[in-house]
Trainee: 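I have a structure here, written as structure tokens, and I will follow up with some questions on it.
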Amino acid sequence: MIRLSDMMTVALARLLRDGETVFCGVSSHLPLVAALLAKKLHAPGLVLLNIPGGVNPEKPRLSRITSAGSELWDSAAAEMTLAQVFDLSMRGGLDVAFLSGVQMDNRGGVNASLIGDWRQPKVRLPGGAGSAVLIPTAKRAILWRTKHDRRTFVQQVDFLTAKGNVSDVMTPLCHFVACQGELLLNSVHPYTSIEEVAENTAFPIRYKVLRKTTPISDAEMSALREVDPHDLRSIEF
Amino acid sequence: MIRLSDMMTVALARLLRDGETVFCGVSSHLPLVAALLAKKLHAPGLVLLNIPGGVNPEKPRLSRITSAGSELWDSAAAEMTLAQVFDLSMRGGLDVAFLSGVQMDNRGGVNASLIGDWRQPKVRLPGGAGSAVLIPTAKRAILWRTKHDRRTFVQQVDFLTAKGNVSDVMTPLCHFVACQGELLLNSVHPYTSIEEVAENTAFPIRYKVLRKTTPISDAEMSALREVDPHDLRSIEF
Amino acid sequence: MNKICTMAQAIESIPDGAMVAIGGNTLNRVPMEAVYQMARQNKRNLQLVKTAGAMDIDLLCLAGCVKSVDAGYVSYESQFSLCRYYRRAVEKGQVITYEHACYTVICALRAAAYGIPFMPVKGLGQTQLMESNPRLGHIQDPFGGPDIAVVQAIRPNFAILHVHYADQAGNAMICGPVYEDLLMVQASERVIITTEEIVPDNYFRRQDIKAQIPAFQVEAVVHAPKGARPTAMPFCYPVDEAEVRAFQGLGAAEQLSKYLEGRREAAR
Amino acid sequence: MNKICTMAQAIESIPDGAMVAIGGNTLNRVPMEAVYQMARQNKRNLQLVKTAGAMDIDLLCLAGCVKSVDAGYVSYESQFSLCRYYRRAVEKGQVITYEHACYTVICALRAAAYGIPFMPVKGLGQTQLMESNPRLGHIQDPFGGPDIAVVQAIRPNFAILHVHYADQAGNAMICGPVYEDLLMVQASERVIITTEEIVPDNYFRRQDIKAQIPAFQVEAVVHAPKGARPTAMPFCYPVDEAEVRAFQGLGAAEQLSKYLEGRREAAR
């Protein structure tokens, strides 16, 4: 039995390349573990950037409560404040930003702000954090969301918090990739089907070649357990 | 026999008030000693800011070569980089900036840039350093110049490097104060006369009340020797 | 000059309606004891400024202290979920949200620190923040490039920070992540420091230990051991989860004063 | 990744015509060994960027390496007097001066670091710099305030800094005054570090010692003990006055190669 959180984390890790600068923000345990996993597996030179400003923390003991705490600073070799990490992205030097949202559409639009009309929101959401500037400036903005349902993957977002260089969207069911401004289904995870994905997605599912996501290898699983022994990748499930 | 450098330094120190933030830049040994003297005498809460970024260095051992070296950093309690010191002035938080120039006119204009036309300068001077932004933004810009001659105190500067909140100009011969945009003679130093000042000044000398600069007291002289035992205040004489 | 005072005295200096920047990030190194005191003193119409806030903003919203929030993110992380008092206040129209990217808060504070009216911001591409937040706009590039977004300066009346070490004059030092705290000092008119420890006068005059915050920028120093609780203080204490949950469980504003009284007792 | 290389290799990567920001200030912590190497390699048309330069700019002007200088101040201090080779080159029209306030250099570097085309600058009031320096201009405040001066971004192709400690990956640390060095790292496309000491790989992974310059921003690391000489290296060595005077006494460019050869011998 493959766990959704494991599949998502491993699939995200595979998207990262050696030497890339990768930013993980608040409430981002799952991609944080994915970045650490990639570093352990195939991307030892990956540069992890974060809110507390610790560049490349070495085997951090992650906190269950926050992905913006000093545990990402303590074992870092260098300091780069959040402001400087944003600056890096603004001048074109950030390779990957991991971001999320409450609604996403198939044009790469993200809503993390509110439900309803912005003049009088029905539901006030947390806000996009870095999204509005990172999604347009990071070379690749990778979106992730631990829920895959029709309330999340919508025809049109209620409010456009951000849009731009979205390259991938990872969900518990599948992996979308951006192609000429449209999100195409790239692969469905081993335990599900295109029908289940379509059923839970409010926008039309389109694809070029339909793949199954490669199952988690033993090496991936054991590395995953090592970088995340307390299973923080699963706290949102 | 009063030395010109001693008189200038003491007279500058008297202009500084307790609690003021005071900036001294490159090649500024004399006002640097003046600020340390004021701190010792009547302004213990004066905050000395400088290029290396040491806030309020404690009894620094000044260097003969530079007023921008680490000796102003070592014994400082806090760090404030040059960029931050400029920022402070920009937002209205700098009380006093000490600045100099090669030409000054009686409207508070300063030239530290060049002699001749800027398109093809006859003489290239060092440049105004912080002048162009500090003279307009510091609450009081105090000018000082260790030469008092007609080439320095001109009718009109060849090039306007900066102009703005000049409050005082201190020379080896006298002290000008700004009054409604004009430099008026405030006092002549004890060893000279208004005639000598006028002879060495290319702009007309005007004043409201003509004073003699108060001579250096014994307390001032002994404090001066203490803060500047190696006589760095005199290196430009 | 000795700037040490009580928390009550320091917070009394903040008038209703003030714009207040709060240090720390989410549940990390937030000056919570000062936040409690603002609620106890029943401040009104505060304009809060923060990149990423959580319990601080949530509590002040529950207490009815808040007029507006400039922030990029207002929520707890992971299992602590959303800020429901904040949400409720916004949804009822009691609190105005100026929604930013965290970075536009940083840029707005930089503009204030640099004494300029606005700051150009790269990267605000397709986003409705441009229409919903009046502090954002566009400007022409005088050197011939394309138009660029700008954010208006935000100059808080107060910054409140919790630090590890401060001396009585106000020289102060944060260990570990600084978040936007140092920028808030530069950007704000007045600075209140709450500190785990008061250190002797010459503590910072050493080559290897310099205060990041110079005394002359600080107006008040409050000795507040555990002053960040229940948020985490790096190298000192972790998040007090029970305390956060107790707060989240209050439900109504009426329960808050009892909670705050309890916190006062705990601090003794 | 091991980024250690020789000074010759590091400097060879700089093409003629490059814009180069040089660390340090006046005669303090300037990467002089790298400056010597630029002269030895006979670079041409360099565009130098610095707030306050002295022997670095003077030497490169004598060597004929310089096309333009963006700076607020170019001179020695006190008894070392003016940069006469620089002056001569400017007066002869061989070198273009973009005269700044030191702060507009800082603002221009900030603009580059922040990825924006220009930076508003408070305080450029009545100054002919506005007409003589094409990198300065004016802009309207879109929020209704008065017009404000702006400076165009300066994004150097290279920053060259001399530091105290660096590891082979490029993590680097400066002790004492940082001047504009850290900003230059953020603003520049490529960064060359020369260092007094190469430290082991895990040297910086400690709570109290963090590199201020992260490895990923650095392209080359050169082990250059005494690499700032004859300028001062805080906590290491003072200005070598005799050496500065020897340089000032050279007179003509023909003497320079012998001086540089002598410096190479001394560095062995």
Side-chain angles (χ1 to χ4, degrees), chain A residues 25-29 50-54 63-74 79 81-83 86-87 89-92 109 111-114 116 118-138 157 159-165 232 235-236, chain C residues 25-29 51-52 54 71-80 82-83 86-91 93 95 97 99-104 106-107 109-110 121-133 149 175-180 182-183 231-235 238-239 241 244:
Chain A
V26 284
S27 223
S28 300
H29 287 83
N50 47 57
I51 287 180
S63 155
R64 175 169 292 272
I65 293 166
T66 179
S67 59
S70 64
E71 51 284 340
L72 295 174
W73 189 90
D74 298 353
E79 187 168 16
T81 64
L82 176 61
F86 276 119
D87 293 338
S89 191
M90 298 308 124
R91 63 179 183 265
N111 177 14
S113 303
L114 54 93
W118 65 262
R119 290 166 201 81
Q120 208 168 354
K122 205 160 67 187
V123 182
R124 175 67 230 181
L125 299 170
S131 307
V133 296
L134 291 177
I135 288 180
T137 59
V157 295
F159 181 91
L160 188 64
T161 308
K163 192 169 169 174
N165 301 334
L232 301 187
I235 53 180
E236 288 197 344
Chain C
N25 184 289
T26 54
L27 290 184
N28 298 289
R29 203 172 46 66
T51 52
Y73 180 87
V74 183
S75 178
Y76 301 87
E77 298 174 86
S78 69
Q79 78 260 42
F80 283 113
L82 302 174
C83 288
Y86 160 76
R87 282 186 58 179
R88 197 165 56 192
V90 174
E91 290 161 15
V95 166
T97 297
E99 187 177 348
H100 290 260
C102 293
Y103 187 60
T104 59
I106 289 170
C107 291
L109 292 171
R110 278 177 172 168
V121 185
K122 173 86 178 184
L124 283 169
Q126 295 172 77
T127 168
Q128 283 186 280
L129 297 185
M130 296 302 298
E131 59 185 88
S132 68
N133 184 343
C175 303
V178 296
Y179 304 114
E180 283 66 63
L182 304 181
L183 179 57
T231 70
M233 189 68 180
F235 322 119
V239 168
E241 302 191 34
V244 176

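Please read all numbers here as calculations on a predicted model, not as lab measurements. In the text below, chain A, chain B and the rest are named by the order of the sequence lines, each starting its count at 1. Just so it is clear, the values below take in all heavy atoms, side chains as well, and ignore hydrogens, waters and symmetry mates.
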Trainee: Got C/Leu27 and A/Ile65 here, is their nearest side-chain heavy-atom distance under 4.5 Å?
Mentor: yes
Trainee: Would a 4.5 Å heavy-atom cut-off, applied to side chains only, mark C/Thr127 and A/Leu160 as touching?
Mentor: no
Trainee: Answer with side chain, backbone, both or neither: which region of C/Val244 has an atom nearer than 4.5 Å to a non-hydrogen atom of chain A?
Mentor: neither
Trainee: Evaluate the side-chain proximity of A/Thr66 to C/Tyr76: yes if any heavy-atom separation is below 4.5 Å, no if none is.
Mentor: no
Trainee: Which atoms of A/Thr161 are under 4.5 Å from chain C, going by heavy atoms: the side chain, the backbone, both sets, or neither?
Mentor: both
Trainee: Would you mind checking which part of A/Asp74 comes under 4.5 Å of any heavy atom in chain C, side chain (CB onward), backbone (N, CA, C, O), both or neither?
Mentor: side chain
Trainee: Between A/Trp118 and C/Glu99, do the side chains contain an N or O donor and an N or O acceptor separated by less than 3.5 Å?
Mentor: no
Trainee: Are side-chain heavy atoms of C/Asn25 and A/Val26 found at a separation under 4.5 Å?
Mentor: yes
Trainee: Is there a side-chain contact between A/Ser70 and C/Asn28, using heavy atoms and a 4.5 Å cut-off?
Mentor: no
Trainee: Can you find a pair of side-chain heavy atoms, one from A/Ile51 and one from C/Tyr179, that are under 4.5 Å apart?
Mentor: yes
Trainee: At a heavy-atom separation under 4.5 Å, does C/Leu129 approach chain A through its side chain, its backbone, both, or neither?
Mentor: both
Trainee: Between A/Ser28, A/Ser131, A/Ser67, A/Gly164, which residue shows the highest count of heavy-atom pairs closer than 4.5 Å to chain C?
Mentor: A/Ser67
Trainee: Could you tell me which residues satisfy side-chain contact (heavy atoms from CB on, under 4.5 Å) with C/Glu91, sequence neighbours excluded, listed by chain and number?
Mentor: A/Val123, A/Arg124, C/Arg87
Trainee: Checking heavy atoms, do the side chain of C/Tyr103, its backbone, both or neither come under 4.5 Å from chain A?
Mentor: both
Trainee: So which of A/Ser89, A/Gly127, A/Ser27 has the biggest tally of heavy-atom pairs under 4.5 Å with chain C?
Mentor: A/Ser27
